[in-house]
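Report on the structure given below.
FYI, the numbering just counts along the sequence from 1. The basis for the numbers below is simple: all heavy atoms, side chains too, and nothing from hydrogens, waters or symmetry mates.
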Amino acid sequence: PEGFFFVRLSLKGLNGGHSGDDINKKRANAIKILSRFVYQEMQKTDVRIVSFNSGKLHNAIPRDGRVVMAFPEALKDEVRVDWNVFAPKVEDEYHVTDRQMVFDMESVDADKVVEKDTGKRLIQALQAICMVYVAAAKMIPEDFLGFMSNKNLGKTLVEVGNFGVNRLIFGHEVIDDAGVEEWLGL
């Protein structure tokens, strides 16, 4: 959109791990952290998603990730401040398990964006999955957490094409073309 500023948020240096063996170690998950920041910003302003790419395997805790997003150019300083405040809070939250986190934000060229409501639903879906898992993890004994590894969000990829979201991957589930709108409830 005209008047929007585009940035790439990246997070790397997390320990990651196997979702079955390491899920109870409370390690940071790049998908959860990045979607949390984007969700936070969506509560304040008009954020558009260009891409969201994190994780390599459906059964691994993602150790890195990237989100390209756009927001009104007038807010670029405010969003950068938010990112710079958010990063140390997350580092503190995971100071025991993930001590090598590297947060980065850089401007990028304008690109196609996911339709506003679709992007919002995508981030809300990521947040809902994260919150349900965290809530369930608090009620389920640790030895059963490995059973829930499919809720770990091991891989997320959003690809934008000429007509909106072309492909959406959550874990091992690949949703192509028209199925994306159905999955997101559009």
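- Closest heavy-atom contact between A30 and G65: CB-N, 4.0 Å.
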Extract all donor-acceptor atom pairs below 3.5 Å that involve side chains of residues 4-12 and protein atoms in other chains or at least two apart in sequence.
residue, atom, partner, partner atom, Å
R8, NH1, E106, OE2, 2.7

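- A side chain to side chain contact (heavy atoms under 4.5 Å, CB included) with L14 holds for exactly one of T97, I33, D64; it is I33.
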With a 3.5 Å cut-off and sequence neighbours excluded, list the donor-acceptor pairs that the side chains of residues 73-82 form with protein atoms.
residue, atom, partner, partner atom, Å
D82, OD1, K44, NZ, 3.2
D82, OD2, K44, NZ, 2.8

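- With a 4.5 Å cut-off on side-chain heavy atoms, F86 and Q40 count as touching.
- No side-chain heavy atom of W83 sits less than 4.5 Å from a side-chain heavy atom of E41.
- When the side chains of ILVMFWY residues are joined at heavy-atom separations under 4.5 Å, either directly or via intervening members, V113 and V108 end up in a single hydrophobic cluster.
- Looking at D98, its side chain does come within 3.5 Å of a backbone N or O of N15 through a donor-acceptor pair.
- To the nearest 0.5 Å, the span separating CZ on R121 from NZ on K116 amounts to 13.0 Å.
- Proximity of M42 to I49: side-chain heavy atoms (C-beta onward) are separated by under 4.5 Å at one or more points.
- In terms of the side chain to side chain donor-acceptor pair (under 3.5 Å) criterion, residue partners of R36 (sequence neighbours excluded) are, by chain and number, E93.
- Annotation: side chain of Y94 is not in contact with side chain of R27 (no heavy-atom distance under 4.5 Å).
- Expressed to the nearest 0.5 Å, how far CD1 of I31 lies from CZ of F52 amounts to 6.0 Å.
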